Amino acid sequence: MGRRTGNGTRAVLTLALAAAVTGCTAGQEAADPADAASRWTHGKGSSGGFVVQYRTGGKAASATAYLRTRRILDKAAERLNDTVEVPHRIPLVVRSCGAAEPAYDPETGTVDFCAEHVEEIRDRFAHADRRGAPGAGDAHAAAVLEETAYHESAHALIDRLGLRFTGREEDVADQLAAVLLIGQGRAGEAKALAVAEDYALAAEETPFDEADLLDEHSLDGQRAANYACYVYGAHPTRHEDLVGAGGRVTEDRAEGCPDEWEQARSGWQRLLAGHLKRQV
Ligand SMILES: [Zn+2]
């Protein structure tokens, strides 16, 4: 299954299990008939690096329009290409995926960025109780979609660059996303907190069950706490409100968050040694 296990993906989870699809590195889906009439953009010739490809037909039309207007994936690809030297061309393809989740496909070396996921995230924040300024929900959705791009791109980098580590790949992929978001400074910290909110909302909407416990992803509530811990750990004095009652980080865990953040950052720094164009 794909990126997340929260609300709106329960049926997907069942279908994905039935199809023995196993995670963000799921096998290739059958081609979308609408793809035949697709218009491809943002190609980068035969050079390496991340490129965004939009399919404008059928069910992908609305998601494509949303993503293109805000340049969410274009900016994410630029950040990735400014950060990492990748000899391979890695397309981020915006398409309708049916029941599948966003995923990197090691057989094609492509990230499928699903229109259905875009709509799910936009819907979650449109319906959530938003205490922020007008447009906050839209900014939150954009932040979560940027995080999805980094998370799936992490799977692509792990595969294409042959990166080896211990621990769960899904957690390691979340850590790269956190590093790339929080590395943007205050604006990026706000984005990472939007991601934490998204996972917390998903956890509230759908309590976890046994299938979630058997899944390769950490639970939504854990992923929410992880992102909040990284943000707090990166700048404790800025984010004291995240700790304790009303926050997403317990006082016990908060003590270790600076170390957790530094491990995530320096861990990816080491993993990408020899491929980095700049420090992360
Ligand atoms: Zn993943």
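Model, not experiment: these values are computed from the prediction. Order of appearance sets the numbers: ligands from 1, and atoms from 1 within every ligand. Atoms considered below: every heavy atom in the structure, side chains included; atoms not considered: hydrogens, waters and symmetry mates.
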### Task
Not counting sequence neighbours, list each pair that qualifies as a salt bridge (Lys or Arg N to Asp or Glu O under 4.0 Å) and has a residue in residues 263-272.
E262-R265

## Note on the structure
In E170, the N/O/S atom nearest the Zn ion (ligand 1) carries the name OE1

### Query
Within 45° of the ring axis of Y66 and under 6.0 Å from its six-membered ring centre, is that where the NZ or CZ of R122 lies?
yes

## Note on the structure
With N226 as partner, the option from R253, Q175, R248 fulfilling side chain to side chain donor-acceptor pair (under 3.5 Å) is R253

### Query
Do any N/O/S atoms of E152 come under 2.8 Å of the Zn ion (ligand 1)?
no

### Pairs meeting criterion salt bridge (Lys or Arg N to Asp or Glu O under 4.0 Å) with involvement of residues 171-188, two or more places apart
R168-D171, D174-R223

### Message
So that I can check it, does any N, O or S atom in H155 come closer than 2.8 Å to the Zn ion (ligand 1)?
### Response
yes

